[in-house]
Structures are given as structure tokens and as C-alpha cells.
Amino acid sequence: MAASDAPNGDVLIRNAFGSVLAFLILLLIGVLAFSIRLFSVIKYESVIHEFDPYFNYRVTQFLTKNGIYDFWNWFDDRTWYPLGRVIGGTVYPGLTLTAGTLYWFLHSLNIPLSVETVCVFTAPIFSAFASWATFLLTKEVKGVGAGLTAAALLAMVPSYISRSVAGSYDNEAVAIFALIFTFYLYIKTLNTGSLFYATLNSLSYFYMVCSWGGYTFIINLIPMHVLLCIVTGRYSSRLYIAYAPLVVLGTLLAALVPVVGFNAVMTSEHFASFLVFIIIHVVALVYYIKGILSPKMFKVALALVVSIGLAVCCAMVAVIIALVASSPTKGWSGRSLSLLDPTYASKYIPIIASVSEHQPPTWPSYFMDINVLAFLIPAGIIACFSPLSDASLFAVLYIVLSVYFSGVMVRLMLVLAPAACILSGIALSQAFDVFTRSIKFQLPSLSDHSHIDARDASSENIVPDDTIKTDKSEDTPKERMTKRSKKKEKEPVEKPPTKFQIKKRLSVLPFEASIIAVILLVLLVAFYVVHCVWAAAEAYSAPSIVLTSHSNDGLHVFDDFREAYAWLSHNTDVDDKVASWWDYGYQTTAMANRTVIVDNNTWNNTHIATVGTAMSSPEKAAWEIFHSLDVKYVLVVFGGLVGYPSDDINKFLWMVRIGGGVFPHIKEPDYLRDGQYRIDSMATPTMLNCLMYKLSYYRFVETDGKAFDRVRRTEIGKKYFKLTHFEEVFTTHHWMVRIYKLKPPKNRIRGKNKKSKSKTSSTTTSKRKGTRRNPF
Amino acid sequence: MSKKLIVLFLGLVPLLCTCFSPDTPSDRRVLVLLDDFAIKSSHSIFFNNLKSRGFDLDFKLADDPTISLQRYGQYLYDALILFSPTIERFGGSIDAAAILDFVDSGHDLIVAANSNASDLIREIATECGVDFDEDSSALVIDHSGYAVSATEGDHTLIASDDFIKSDVILGSEKIKAPVLFQGIGHSLNPSNSLVLKVLSASPSAYSANPKSKLTSPPSLTGTSMSLVSVVQARNNARILISGSLSMFSNRFFRSDVQKAGSPTKHDKSGNEQFVTELSKWVFHERGHLKAVNVKHHKVGEVDEPAIYRINDDLEYSVEIYEWSGKTWEPYVANDVQVQFYMMSPYVLKTLSTDNKGYYFTAFKVPDVYGVFQFKVEYERLGYTSLSLSKQIPVRPFRHNEYERFIPAAYPYYGAAFSMMAGFFIFTAVHLYHK
């Protein structure tokens, strides 16, 4: 329409200009996504964060040193002693291979970065990719403007920042990119019906399967979307092309990943895709038959097919139920079951429930993690319905499902974040579109035609461009962009097309209301930016192996973890085994290079329960358990002196629960006084005599004379005691990590006569009676 | 990931001493602490016997202020004989703790007490797991197993022949005559696995003060009471504890003996043979084993691998020698076993031997991966305990170690290829038919 008003060449120039502008904006978004994640490096240092990233880092080191085949076949004998772990077959290799490729690529260019540096910066790089993928996906759904807005939102959404700051070298860092990109290719295939994109989609899905266990989200979401399309009568050959190759190729490729293997066809997380695969073929057949038969014949055939089809369906349902029932673990893994039934894990699997990121999120965490997007999502959903396309239907489905899943597990907020950004991007873009259009069409009546507000211009710019290409809903304001881009937009001032103006006038809003609304929206987005920068700088950039605290006398740095690991690596034998709660397993193997009994890959519940039992047992029993596992050192984390709340005493009840789940002589009520967990003088004797209490509080009274625990805010129950089977070998500067050594068995076994008795001389008959009481 | 050879001679780890070496485990320098030098002559047969076996005896009074066990952190002696039952405080820097440290660093000890044993001696004995009767005036009395002598006494001189049945401790030759014993008895904790009763009291013996009237039942009675015991600590240090000092004396060595109720009268008591054989054991002239050259490798290979694969066939060998007092002799036994161990033994095999000290076996690695250990836990009465463990990981198959084609799957291969061919033909027909 607009093309008829403007000369052809002008349109071309404007198109080209828009593309260049979009490209520049995307570039800036990439820079923004990368740089907002560098706070951790600037404020702390370039280190790997937390727990899991240390394992990934260690695996990457192995990969770069030994090559891909050794990595594939790596049997690690330094974890899970004495069981060992087949790393190559139990790890999602995507992240490692990505970083390894990056490392080799850089080295082939003679850029000698260390493996650690590459690992630290992998996540920020991929978050830039992720925002570009978001642009592509949203562009397919609602056009360029919404795409740019969504990309900018995603570049700094706190939820995603929390998992992808520099140093947070975890699977999610690359998996979110893979997730969004897979969705983009799916939508692209759906929009174009191109087999080329369908193949790319399978490959992208393969990369996602390599990267993260969350790939099951894709293989369930896409079938659901397909099913929804079929049910709502949106079946097309494009849908078939988008879906069928993905299932066949994707499943074949997924089965190639060692950690997935036959799970790709045997566990029920994948069954939905196969069911929908069958349905889409049936539907395709029906459409084909409908095409070649006359309507009357078709009715007859339909009656026939429906009756037969019902029988077949019944048989199929029976087969599927039988398959589910016969497959291992009833087809559902514990983590997936806890997705469907949020209370499942806490009821049956303490090891899953014990991880804080598997807990349901609280309301504030939604505001913390997606901030204003939470309020924009509903608007985005409405925008998706006007008009509803296959792609926007997908966006709606995506947000609905991810909201549900995020309500089950904090960790899945990460899946919600891109959906929230896409929907909010659409909402913002549509809102700006409506408001600026209203302003624009009322402006000429108020003042000079040529004098137009910058906002107006931008909206004006894009509207005609996009209407040429697709439909009117795809126009895009650029208000969300930086000031620089706004300035650029001022230059091309255009006369509004009159025809268009008349048509649009039907839906204009009052001028003043539009101005105010635009200002409010800009303010809203500004708050979002402020919040995101704050979250990136303060909340999510701490590496958790180095802790800081601000107090009146300045900044305190607690570097106790690395101190302890360095001590272990310098003062113990290379084959010594170190026992600790599983949280510290990855760090111990990666930083101290010592063999551990259990680690963060919680694949063997019994083994973890053994360690939990040892920690909850009295000293002698614990010594025997540890000795039978050849343990030489025991490491406990203790925060009572400096007030570090996530220490072993606070995690202790989980050790009791997990230990008691396998060894029933450990009973949780023994450690609780009237249902309360306490370590003060009211604590139960079992609690005060267990190994964890003793190792944590040994000699604690020497620090302040009162033994006041700053985390529990109380004086401890038992202050003076000795260790008989363990000896303290190292305690870090702030007492956060304490390392004990198992004493060897006694060289001699003492007799029974008491020392004091043998010292009192002379004979009495009463003494004889005393000895006679001995059973011996 | 170099798998280090961990050979644990349980006793030979804390080697502060240079003389007590794994190469020649017998003791050489012995410190003898006496109450007074009269004992040196009254027990000269025993001492001369030791000297003739090559020991270098250093006699000191127990309260000599110059005595010391170590200098500059090095022990000056390999063994210690305490013939000073009445001493309350040692001279010099020695106290009970020093003596126990001496034992804990792998040195041997002979302690003899008698009726007026001091608390110090009792404490040392208790620390080693031997509880002397707490009544310090009590003696072992046996009204049916006493030694017949010219002067009819109070039956505190006992002729005992209830020896431990072990050729390693008491020598292969049978003790010919009963052993004369006069002194105090002691008890052992039955749960204590390190202490052995070498000479037990007879069922009719009890421990009481012979001079006073018995008012209450004696605390130690019968065979649960021990007269002479030995201890082998976990570090293989050996300790002999006797309740009688006079058992070692010339008088008892030369005395004739006739057990009450027994018609045979022996010209010479069994004391000399008993004490000599026992001292040979205590001073590591007998019953000391060493294991060397632990080797394992795949069948058909020579080098030791860093890691095994499941279902590998491997060979394991070890050489075990016994110290004869002068040289290492091959140790011959048919009950040495090796475990392939990961939390529990997966393989338990008795080693074959070539009777020259070489023990070997071959077995298949179980179909389980993990970090295994080759374990030899050899504990036999009187012998030093051998505890060898060597860690070795076992890995699963590599990706290319599985069979590439398996016959059972040929139908599937056929299905796949016929499907491909069929699809190709169908496509061709469908596209170009009309």
C-alpha cells in the first residue's frame, strides 16, 4: 500500500537503511549481552564459578589435552571412588566440545588463550548468540521490530544472566542459545516449508541434545504445538515438513549422544513426539484422501476410517501404556516426574529435593529474575492473538508451558526467560506501534506536517517497509533502542501516507494519552535496564568460591575455599582420598586434584547415602565407614565463625535424610528436638555426638571463649570435646573449610585396667570387687 | 596418574630407626634395664645365650640417670629388656610413654614382672593389653599343678606345660619339660586380637595372696589366667610379657622339675628351651615375612599397565620370604590368597607357589569397572602380618572395542538396506512413471 505513495527507489533505500540499522542494533545488542556479563571478571577475577562449572572446566582441560576420542572413552578413576565414573558416557558433551573447538580455533589463529580463559568467556559469547537467535525467532513471529526489542530484553534478562556471567561455565550457557535457535529454525521451517531449514532444525536440535538435558522441553513443546495446530485446523504441508523430519532425524541424532543413547526411544519423555508423529501422518493421509475423493465419498470413507481408527487408537494406547509400564523407571526419570508433580521429589527423592535450584521458586524470585517482563507477558499473549498465526500460536504455547515449569523448579526460570523476553518484546513493540501511530496521525492536524517527533518518525519509517513485505502487524517502533539509534532515526523525515492515515485513524488513541503512555513505557523499560544492571553487577556476579562482605571497616574477602584446596594439593599424597559432602566433590577434583568419594553428579544415591551416614554417625562408626572407603581426609565447610550460611551444618539434615533413606538406623527425629533442628544446649545427644557436629565445632570455643555460632545465632551445645579417631590437620583462615585426617588404627590395644587405678597403690578388697564386676 | 606401588609392611612404615631395616629384621643392639646388677649374674645363662646369638647387650641400672633410648631422634637400640620389676621411676629421660613410643616405632620389648611389680611396669603391660592382677601381693597358686620340690612350700612355684601350639613362636622342637614359673598372673581381653597367651595357667590355678586367708573369690582363676603372653603390635613390633622374672634365672634353668601328680621327673626344666625359643621369636629371628616384587600384567605381556579393561586376563605374582635370622629364605605355604577388591572381593584366588618364594596366579578381570585393588592380607599365628594393596582402575570397553557387526543383527541390517532400496525404487517410479 505504502509503496504506491512512495517512489520505488526510495523504498529500496529505506529498506536498505532499515537493514543496516537493524544490523547495527543487533551488533550493539551483542556487545551489550557480552559486556553486561563481565561484572564478575571486573569485580572479582577471571575464575570459574560455583560447583558444576569446575567439572566442566576439568573435562574441557582433559579434552584439549587428550583429544576427542579419549574424552569420549574417558573413565575417570578420581571421582566416586571406588566406583569411578565413565565421564564420556554420562556427560552432555555440547558445552565441552564448544569450548574445546573455540580453544582449538583460537590456537590455530595463534591466539594462545588458556583453557580457563576460554571457559570463562564461553557463556558471555553464547549469550550474545542467544540474543541474536531471539531476534530471529521473534522476527519470524512478529516482525523485525519485535525481534529487536526481544533481543535487547534477552541480552540483559537477569534470569539468564544468573547462569551466564563470565565464569559461569555451565551447560545452560550454550543450551539456551541452542534452545532458542532450534525454535527459530522450527518456526522458520513452518513459515517457509523448506526442507533445508527442517534439516538445519534437526542439526540444531542435535546440538541442544548434546548440550543439556533440557532438550526434552523441545521434544515435548514442538509436538504439542503440532497437535494444537492440527486440532485448530491449521494443518498444512509446511507443518508436516517442519515436524516429521525433526522427529526422524532428531531422534536418530539424539541417540548418537552417549548420555542419551537408547533413552531417545525408550523413556516416556520422548513418547509424545512419536505419538504426534503418528497422528500427523494420519492427518496427512486424511487430507490427501479428502483431496482425491468427492465430498460424498469422503463422508463414507470418513465413517469407515473413524470406526477403524478408533479401534486402532485403542490398540495403540494399550501398546503405549504397556511400553511405559515396561520401560525402566516406569519411563519417567525422577526429575521429570517432579516436573509434573511438584511435590514428588520432596516426597520420594531427597537427593533431588536437597538441591536448592530444584525447589519451587518464590514470588519475589519472579520479580528478581524477569522483573517487568512478568507484567508485559499478558499483553504479549494478547498481541499474539491479533492475528493468530502458526508462529504466534507457538509463542503462546511456549510461554504457557514455561510458566508452568518455572513454577515447579527455580532452575527452569531459565527456560521461561527467553519466552518472557519474546512475549514482552512483542508487547512493547505493539504498544509503541499503537501509540506512535496515534501520535503520528494526530500530529499533522495539530502542527506542521514536516515537524515530527523522533518517535513518530521511527514508527513512520518502519511501517511502510514492513507492510510491503508481510502484513501490518509487523511494523516496529525502535524506542527500546539506545539513544544513539534514536538520533539516527531523526534524519529521515517522511510525510505520512494519507490513505494509510485514513485507514488507521479508526484505532487511534487520544494524543495526550499516547504521549503519556509512551513516556511511561520508556520509564518502565528504563527501570528494567537499571534492575538488570544492578542484578548483573551485584546479585549474580559473585563467583561463590571467593566471598566478600562489606562491613564498617571495609571490604572483607574470604578466599578460604581455594586456600583449603591448595593445601590439599600441596600437602597430601596424589592418590589420597578426600571425603566431603557431595557439593564440594567437583571442586576438590578440579582444584585440589584429589580423589573424592562423591561429587555433584549425583548418579549413585547409595554412595552418597554412605557418606551421609558417616557424617551423621558417631565418631567411631564414621571412622569405620570412611576407613572402608580408603578415605584419608575429611573436609567440612563451616560458616559459624564468619556467618556463611550455606555450610555443612545447615545442609546436615539432608545428609541425615539421604543417609536414612538407605540406612534406616539413621533416623531424622533423633537429630531434632521437638521437630526443631538446633545445635545449642537443647540439641539431642545424637546430634551433639555425630561426626558433622564434632568436625564443625572442634576447638570452636577457642575462638571467642563462648563458642557463639554466627549462622545459627546461638551458643553451641557441646563446647569442649576431644576427637579420638580424627585429627585436625588444616583449618583455613576464616575457619570456613576444616580438613581432618583419619587416625590410623592403634598400634597396640590397651588392656582394661584403668590408669588411675593402677596408680593408686596397695591392695584392698573393694578394689577386687571392682574388677570382678567386669564381664571378663 | 601414576599408580604408585603401595606395599605396606604394617610395621615398617614409621622407620625412624636405621638398624631395624626390612633387609635384616633381627635386632642387634639390646638395652637391658635391671633393678640391680646381681640379676646380670643370676640370669647369666639367658644373657649369654643372647650374646652367643650375636646380640649386643647393654646392661644399665633402671634408675641410671644417663640412660636414654634415643639420641637426636634416632633410637640407639633395637630392643629393650625390662628386668626391673620393682622400678617406680626410670632414670634419664625414659618413662612409660617413651617405652611405648619405642614399641610404636617398631622395636621389641621383653618385660618381666614379679610379685612386687611396680605400677610403672603394670602400666606398660596394660598399655600393651596385658592386665596383671591388681592385687599387688597376689601370686599364682596352683595346688594341683605345682612343682614338686624338696621344701614343701605354698604351691607358688608352678610347673606349667600348657603352651601355645605354634611352631613359629616356640620353635619346631617340642618343649621337653614343664616350665617353672613363680610370679604373678595376668588376664587378656579376649577381644584383643594382638595378644597371645603363650603359657596359660592350669585349670586349678588362681591368683591370690598366699600369706593371707582368702576372703573373697580370686579375680583371676583357671585357664583364663595367663602366665606368659606375647604381643605383636600392628606395626609388627613384638613384646614378651612374663609375670615371673625368676623364670629367666639360672636357678630355674638348671633346676630339675617334677609336676605334682606326674610320675616323670625331668632333670632339667623346660625354661631354657622355652625362653630361648620365645626370645628368638621376639627378636625377629623367626616368623618374620616380607613380600616383594608385586607384579601384575596382562596375559602375554610383561609391562604393568596403568589401567585394565573389563574381562582382561591378567597374571599376578608376588614373592614372599621369611627371615631365618641370617638370610631370607623362601616362604612356603599353600594358603596365600589374593583378592581383587572393590568394596568387597570380586575375585579371591589362592596363589600357587613354586616353593622358592614365588607366588602367582592368573584370573579374568570381572565384568565390572571401577577402581580395584590387588589385596594380599596374610595373617597367620606367629607370623608378621602381610598387608599388600595395590590400586588399579578397571575401565569399560572403548567405543571401538565392541564388535562392529553381530550376527544376531543381520535381519536388521537387511531390513535397513532393503528399506533404502525400496524407497529409492518407489521414488523413481513415483516421479517418472507418467
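Throughout, protein chains are lettered first and strands after them, A, B, ... in sequence-line order, and every chain is numbered starting at 1.
- If you measure heavy-atom distances from A/Asn73 to chain B, the contacts under 4.5 Å come from the side chain alone.
- Here the side chain of B/Arg238 pairs no donor or acceptor atom with the backbone of B/Ile110 at under 3.5 angstrom.
- A donor-acceptor contact shorter than 3.5 Å is absent between the side chain of A/His725 and the backbone of A/Glu619.
- In this structure, B/Asn235 contributes its side chain and B/Val103 its backbone to a donor-acceptor pair below 3.5 Å.
- Contact annotation for A/Pro258: neither backbone nor side-chain heavy atoms come within less than 4.5 Å of a heavy atom of chain B.
- For B/Thr427, the side chain to side chain contact (heavy atoms under 4.5 Å, CB included) partners at least two apart in sequence or on another chain are B/Phe423, B/Leu431.
- Within the 4.5 angstrom heavy-atom criterion, no atom of B/Val368 approaches chain A.
- Ranked by heavy-atom pairs under 4.5 Å with chain A, the list B/Val394, B/Leu120, B/Ile239 is led by B/Val394.
- Remark: B/Pro396 pairs with A/Phe75, A/Val86, B/Tyr369 by the side chain to side chain contact (heavy atoms under 4.5 Å, CB included) rule, at least two apart or across chains.
- Looking only at heavy-atom pairs under 4.5 Å with chain A, the residue among B/Val195, B/Leu100, B/Ile307, B/Val231 that has the most is B/Leu100.
- A parallel orientation is assigned to the rings of A/Trp74 and A/Phe62, their planes being inclined by less than 30° (bins at 30° and 60°).
- Chain B forms the most heavy-atom pairs under 4.5 Å with one residue out of A/Tyr81, A/Trp80, A/Trp72, and that residue is A/Trp72.
- If you measure heavy-atom distances from A/Asp630 to chain B, the contacts under 4.5 Å come from the side chain alone.
- Interface remark: B/Glu401 contributes no atoms to any contact with chain A (heavy atom separation under 4.5 Å).
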